[in-house]
Amino acid sequence: MLRTGMLLGMIVLFLSGCAIYHNDSLERIQTLPQHYTQFDAKLAWEFKAVDNTTVIDGVVKNIRFYEMNELEIWVSSLDADGIEMHRAMYFVHSLKENEAAPFTLKIPRVASGNKLRFLYRYIGHDGGDSGDALLWSQSFESQVP
């Protein structure tokens with residue numbers, strides 16, 4: 001009887017541990033210094049100078065669609081006239097609603113005060129059997145601190 005009770009207790013313990021899903025990206029999005037929110041997505045990031053590069057290390061969260069597929073995040077460095085100098089892209093295969101994923105992009109070093117243009121695009125699905133999909137893109141600019 002005692003052996004059966006211990007076995008049952010261990011099974012319950014293991015199964016309850018499996019039910020907990022921990023997503024570090026959802027926590028991290030709150031702590032990053034740079035933020036952008038639109039109706040469909042939330043992005044947060046930080047800039048790091050590493051050798052001769054600027055690293056944009058961040059998190060993207062789907063806040064609108066049942067699923068975002070083929071999500072691309074592009075970052076371009078701009079000169080004083082707003083002309084694109086360099087760009088990089090990060091690909092996220094799929095994000096369900098309220099899921100978040102990390103991204104990292106590297107471009108040649110950008111001086112403090114210069115601007116970066118972010119662009120994200122994806123195929124959005126609302127779910128259900130309709131098969132409707134929306135190809136969407138959004139862009140914004142951010143100044144390097």
Side-chain angles (χ1 to χ4, degrees), residues 6-145:
M6 284 180 49
L7 182 60
L8 185 58
M10 290 178 68
I11 290 171
V12 169
L13 179 67
F14 285 124
L15 290 177
S16 66
C18 293
I20 297 171
Y21 173 71
H22 184 75
N23 186 333
D24 291 334
S25 295
L26 288 173
E27 291 178 13
R28 189 163 176 254
I29 204 167
Q30 304 300 322
T31 63
L32 291 167
Q34 306 292 321
H35 292 269
Y36 175 83
T37 302
Q38 193 53 259
F39 77 97
D40 56 347
K42 181 174 188 175
L43 288 87
W45 65 95
E46 64 183 338
F47 297 104
K48 299 177 186 175
V50 179
D51 298 323
N52 289 325
T53 63
T54 295
V55 177
I56 299 104
D57 186 29
V59 176
V60 59
K61 180 180 178 184
N62 172 6
I63 59 175
R64 158 64 178 88
F65 286 95
Y66 172 75
E67 190 168 28
M68 287 180 167
N69 291 322
E70 300 177 26
L71 172 61
E72 299 174 5
I73 301 170
W74 292 82
V75 174
S76 303
S77 60
L78 307 176
D79 68 10
D81 296 323
I83 306 294
E84 181 180 290
M85 296 175 7
H86 303 95
R87 70 177 163 174
M89 190 270 290
Y90 191 88
F91 183 78
V92 177
H93 178 67
S94 179
L95 274 181
K96 296 277 189 193
E97 188 173 13
N98 294 316
E99 280 186 337
F103 66 87
T104 302
L105 299 124
K106 294 180 183 180
I107 55 175
R109 179 163 264 167
V110 179
S112 179
N114 284 10
K115 287 188 178 180
L116 298 179
R117 179 177 298 128
F118 286 72
L119 179 136
Y120 62 93
R121 63 181 166 207
Y122 58 88
I123 300 169
H125 299 275
D126 277 327
D129 295 330
S130 67
D132 292 338
L134 172 71
L135 178 60
W136 187 261
S137 65
Q138 183 73 33
S139 67
F140 62 94
E141 293 182 1
S142 176
Q143 194 165 352
V144 177

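Values reported hereafter were calculated over all heavy atoms of this structure, with side chains retained and with hydrogens, waters and symmetry mates removed.
Contact annotation: the side chain of Phe47 approaches that of Ser142 to within less than 4.5 Å [non-hydrogen atoms, C-beta and beyond]. Here the side chains of Asn114 and Leu78 are not in contact, with every heavy-atom distance at 4.5 Å or above. Met68 is not listed as a side-chain neighbour of Val92, based on a closest heavy-atom distance of 4.5 Å or more. Contact of the Leu119 side chain with the Ile73 side chain is not registered, since no non-hydrogen atoms from C-beta on lie closer than 4.5 Å. Counting heavy atoms from C-beta on, the side chains of Leu116 and Ile56 come closer than 4.5 Å. Within the 4.5 Å cutoff, the side chain of Ile29 has heavy atoms near those of the Lys42 side chain. Between Phe103 and Leu43, the closest side-chain pair of non-hydrogen atoms falls below 4.5 Å. The side-chain heavy atoms of Leu95 and Phe65, taken from C-beta on, include no pair separated by under 4.5 Å.
With sequence neighbours excluded, the residues forming a side chain to side chain contact (heavy atoms under 4.5 Å, CB included) with Leu135 are Ile123, listed by chain and number.
There is a side-chain donor-acceptor pair under 3.5 Å between Tyr120 and Asp40. In summary, the side chains of His125 and Asp132 do not present any donor paired with an acceptor at a separation below 3.5 Å, with no hydrogens or angles considered.
No close placement of the Tyr36 and Trp45 rings is indicated, their centers lying 6.0 Å or farther apart. Ring centroids of Trp136 and Phe39 are separated by less than 6.0 Å, placing the two rings close together.
Residue Ala88 comes nearest to Ile107 through the heavy atom pair CB-CG2, 3.8 Å, listed as atom of the first residue, atom of the second, then distance.
With Arg109 as the partner, the side-chain contact (heavy atoms from CB on, under 4.5 Å) test is satisfied by one option alone out of Thr54, Val144, Val55: Thr54.
Counting non-hydrogen atoms of neighbouring residues, nucleotides and ligands closer than 6.0 angstrom, the CG atom of Asp79 exceeds 12 such neighbours. Counting non-hydrogen atoms of neighbouring residues, nucleotides and ligands closer than 6.0 angstrom, the OH atom of Tyr66 reaches no more than 12 such neighbours.
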Could you please spell out the steps behind the side-chain contact (heavy atoms from CB on, under 4.5 Å) verdict for Arg121 and Trp74? CA-CA 9 Å; Arg121 63 181 166 207; Trp74 292 82; 3.6 Å; yes
For Phe91 and Glu72, run side-chain contact (heavy atoms from CB on, under 4.5 Å): C-alpha distance rounded to whole Å, both residues' side-chain angles, the deciding distance at 0.1 Å, then the answer. CA-CA 5 Å; Phe91 183 78; Glu72 299 174 5; 4.0 Å; yes
Apply side-chain contact (heavy atoms from CB on, under 4.5 Å) to the pair Val59 and Leu26, showing each step before the final yes or no. CA-CA 8 Å; Val59 176; Leu26 288 173; over 6 Å; no
Let me see the working for Glu99 and Asn62 under side-chain contact (heavy atoms from CB on, under 4.5 Å), right down to the final yes or no. CA-CA 6 Å; Glu99 280 186 337; Asn62 172 6; 5.7 Å; no
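Evaluation of the salt bridge (Lys or Arg N to Asp or Glu O under 4.0 Å) test over residues 55-67, restricted to residues two or more places apart or in two chains, returns Arg28-Asp57, Lys48-Asp57, Arg64-Asp126, Glu67-Lys96.
Put simply, NZ on Lys115 and OG on Ser76 are 14.0 Å apart, with the number rounded to the nearest 0.5 Å. Atom CD of Gln34 is separated from atom CD of Gln143 by 9.5 Å, given to the nearest 0.5 angstrom.
Listed for the Ser77 side chain is no donor-acceptor partner under 3.5 Å among the backbone atoms of Val110.
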